[in-house]
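Below you'll find the structure, written out as structure tokens, and then a few comments.
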Amino acid sequence: MAFLENTETLIHEAAQILRLPKDILARLQRPEKILEFEIPVHRDDGSEHPVRNSTDAQAHQISNGTRKFQAWRVQHNSALGPYKGGIRYHPDSNLDEVKALASLMTWKTSLAGIPYGGGKGAVQVDPKKLNERELEELSRGYARAIWKDIGPQKDVPAPDVNTNAEIMDWMTDEYAKLTGKWEPATFTGKSVEKGGSHGREVATGFGGFVVLREFLKLNPKPSTLNPIVAIQGFGNVGSNIAKFLYDNGFTIVAVSDSKGALFEEHGIDIYKVLDVKEKTGIIERTQCYAVSRERQKERTPCEEFSSAELLELPVDVLIPAALENVITEENAGRIKAKVILEMANGPVSAEADKILAEKGIEVIPDILANAGGVVGSYFEWTQNLRGESWSEEEVLRKINEQLARAFKDAAQTKSQYRTSWRMASYIHALKRVAEKIKTA
Ligand code: NAD
């Protein structure tokens with residue numbers, strides 16, 4: 001993943017700016033611990049799990065219908081608190097990627113100002129090829145492999161790509177069986193019935209809204225009255241930030257998902273789009289509703305166009321909330337937005353970043369923009385440790401405070417070092433961890 005290499009370069013540059021001693025930087029570039037293991041899963045049909053290449057086939061011996069899946073947990077740094085980071089299930093997962101993602105979590109939690117370090121886990125598996133029972137066996141197997149190295153004050157895993165609340169519930173339950181006590185604070189992203197938090201589903205989108213709102217307070221251009229927004233991606237993150245923006249008077253003129261894109265120059269009624277998406281699974285052009293005063297009652301077909309064109313609309317705020325590397329040196333020159341809020345991880349390439357800076361387009365980096373999810377996780381952990389259950393309103397109020405503070409820290413660092421939002425975010429994140437190490 002290009003953005004992970006970019007993270008390493010940014011940390012290097014930030015270390016130079018901070019004149020960080022070489023030994024401290026070297027220490028921060030190595031994970032503190034790597035757990036590497038295989039998880040056996042009995043296949044119900046006795047078949048082999050389709051493998052991508054011969055190396056895979058060799059790595060995972062198949063015997064009597066049992067398949068072994070390669071898995072990792074990387075604990076990058078714990079200077080500021082327990083390791084924190086998701087567990088992903090993906091056929092392309094590999095150790096280098098998990099190491100880089102674990103390090104990214106160290107910087108994200110530090111920037112967010114929460115008492116966590118960074119970690120990440122993965123299983124090299126295509127979960128769509130497993131049935132429900134096999135998925136549960138795999139997930140419980142993962143918890144069994146790492147249980148001695150995790151815990152509320154040691155390492156707190158969470159869901160990530162292709163993992164969800166049900167999987168976290170299985171792992172929490174397995175952990176309880178192994179330790180003999182129910183400790184929900186060992187995992188976050190659980191179902192509400194098993195100690196999950198209200199508001200966790202919307203936390204990342206809400207966090208992005210808070211960061212953008214704070215940014216617009218500091219930068220009254222574009223006009224804060226009714227900014228025009230385009231959003232690429234309408235999944236968890238894209239649809240939730242769309243709701244918060246819509247509720248707060250922003251005009252969303254375009255949205256897209258993997259199947260298509262909608263455009264309505266007067267603004268799209270986001271709740272109608274959500275309704276249709278819930279019923280049909282897609283965002284439908286013919287069911288699009290405009291929201292301008294004159295056309296409020298009217299259902300008008302939105303214009304249909306491509307997700308790539310969406311990126312080039314002349315909007316105030318462009319929000320990539322789907323994929324990595326969608327703004328590159330190829331299209332950066334054609335971007336007309338005034339501000340880009342990176343809700344996806346790594347949507348702007350390093351080359352594109354330079355072109356956008358030359359054009360005067362501000363980029364609010366992923367590490368800050370999408371930190372609402374991990375801040376939400378932190379509040380789930382806090383509730384579990386205190387045996388409390390907060391309302392969604394209370395959780396969002398706390399995320400709001402936490403992220404507004406993180407934004408202020410990044411803004412102060414930006415003006416102190418006269419640098420980009422991205423570099424300022426990394427400088428601030430690195431500084432917090434390095435200072436803790438120096439004083440430890
Ligand atoms: P999701 O799977 O719920 O949604 C992804 C959306 O992107 C879907 O609507 C999909 O249709 C759309 N999409 C896919 N290809 C597209 C394309 N070519 N053009 C337009 N849309 C396309 O995923 P999510 O949880 O919303 O995550 C989105 C991004 O945010 C990812 O980069 C993820 O790593 C990042 N992120 C998510 C969270 C979280 O809490 N969910 C936290 C931090 C970062």
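Computed from a prediction, not measured in an experiment: that's the story for all the values here. Start at 1 and go down the list; that is how both ligands and their atoms are numbered.
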Query raised in the report: Would Asn384 and Lys190 count as a side-chain hydrogen bond (donor to acceptor under 3.5 Å, both in side chains) if you check the C-alpha gap in whole Å, the side-chain angles of each, and the deciding distance to 0.1 Å?
Result: CA-CA 11 Å; Asn384 293 156; Lys190 305 173 294 291; 2.8 Å; yes
Requested in this report: Could you tell me which atoms of ligand 1, counted from 1 in the order shown, lie closer than 4.0 angstrom to a heavy atom of Gln232?
Outcome: 19 (N), 20 (C)
Query raised in the report: Is there any N or O on Gly235 that sits under 3.5 Å from an N or O of ligand 1?
Result: yes
Requested in this report: Can you sort out which atoms of ligand 1 are near Leu323, meaning under 4.0 Å from one of its heavy atoms?
Outcome: 15 (N), 16 (C), 17 (C), 18 (N)
Requested in this report: Select the closest option to atom 26 (O) of ligand 1 among Val237, Leu101, Asn162, judged by heavy-atom distance.
Outcome: Val237
Query - Shortest protein heavy-atom distance from atom 32 (O) of ligand 1, along with the residue and atom involved - result: Asn345 N, 3.2 Å
Query raised in the report: What residue and heavy atom of the protein are closest to atom 13 (N) of ligand 1, and at what distance?
Result: Ser258 N, 3.6 Å
Requested in this report: Check if Gly233 has a non-hydrogen atom at a distance under 4.0 Å from any atom of ligand 1.
Outcome: yes
Query raised in the report: Under a 4.0 Å heavy-atom limit, does Thr204 contact ligand 1 with its side chain, its backbone, both, or neither?
Result: side chain
Report summary line: For Ser256, the ligand 1 atoms with a heavy-atom partner under 4.0 Å come out as 20 (C)
Report task. Under 4.0 Å, heavy atoms only, figure out whether ligand 1 is touched by the backbone of Ala203, its side chain, both or neither. Result -> neither
Report task. List the steps, then state whether side-chain hydrogen bond (donor to acceptor under 3.5 Å, both in side chains) holds for Tyr89 with Asn164. Result -> CA-CA 10 Å; Tyr89 288 177; Asn164 55 23; over 6 Å; no
Query raised in the report: Would the Phe187 and Trp381 ring centres measure less than 6.0 Å apart?
Result: no
Query raised in the report: Is there a donor-acceptor pair under 3.5 Å between the side chain of Thr109 and the backbone N or O of Met105?
Result: yes
**Report entry** Test item: Arg432 side-chain N/O and Ser110 main-chain N/O as donor-acceptor pair under 3.5 Å
**Finding:** yes
Report task. Indicate whether atom 30 (O) of ligand 1 is within a distance of less than 4.0 angstrom of some protein heavy atom. Result -> yes
Query - Test of proximity, Phe234 against ligand 1: N or O pairs below 3.5 Å - result: yes
Report task. Go through Arg422 and Glu342 one step at a time and tell me if the salt bridge (charged side-chain N to carboxylate O under 4.0 Å, His left out) criterion holds. Result -> CA-CA 10 Å; Arg422 195 183 305 280; Glu342 290 190 326; 2.9 Å; yes
**Report entry** atom 21 (N) of ligand 1: the protein heavy-atom neighbour that sits closest, reported with distance to 0.1 Å
**Finding:** Asp257 C, 3.2 Å
Query raised in the report: Which option out of Gly372, Ala321, Ala308, Ala344 puts a heavy atom nearest to atom 28 (C) of ligand 1?
Result: Ala321
Query - pair Glu32-Asn77: side-chain heavy atoms closer than 4.5 Å - result: yes
Report task. Indicate yes or no: does an N/O atom of Asn236 lie under 3.5 Å from an N/O atom of ligand 1? Result -> yes
Query raised in the report: Does any non-hydrogen side-chain atom of Leu101 lie less than 4.5 Å from one of His76?
Result: no
Requested in this report: Specify the protein heavy atom at minimum distance from atom 7 (O) of ligand 1: its residue, its atom name, and the distance to 0.1 Å.
Outcome: Ala322 CB, 3.3 Å
Query raised in the report: With a 4.0 Å heavy-atom cut-off (strictly under), which part of Met343 contacts ligand 1: side chain, backbone, both or neither?
Result: backbone
**Report entry** Ser139 (side chain) donor-acceptor with Trp170 (main chain) under 3.5 angstrom
**Finding:** no
Report summary line: Looking only at protein heavy atoms, what sits closest to atom 44 (C) of ligand 1 is Asn370 ND2, 3.4 Å
Query raised in the report: For atom 20 (C) of ligand 1, which candidate among Gly208, Ser307, Gly207 provides the closest heavy atom?
Result: Ser307
Query raised in the report: Would Asp366 and Lys108 satisfy salt bridge (charged side-chain N to carboxylate O under 4.0 Å, His left out), going step by step from the backbone distance to the final call?
Result: CA-CA 9 Å; Asp366 47 8; Lys108 192 179 280 192; over 6 Å; no
Query raised in the report: So, Tyr83 versus Tyr116, ring centres under 6.0 angstrom or not?
Result: no
**Report entry** NZ/NE/NH1/NH2 to OD/OE distance under 4.0 Å, Glu136 and Arg133
**Finding:** no
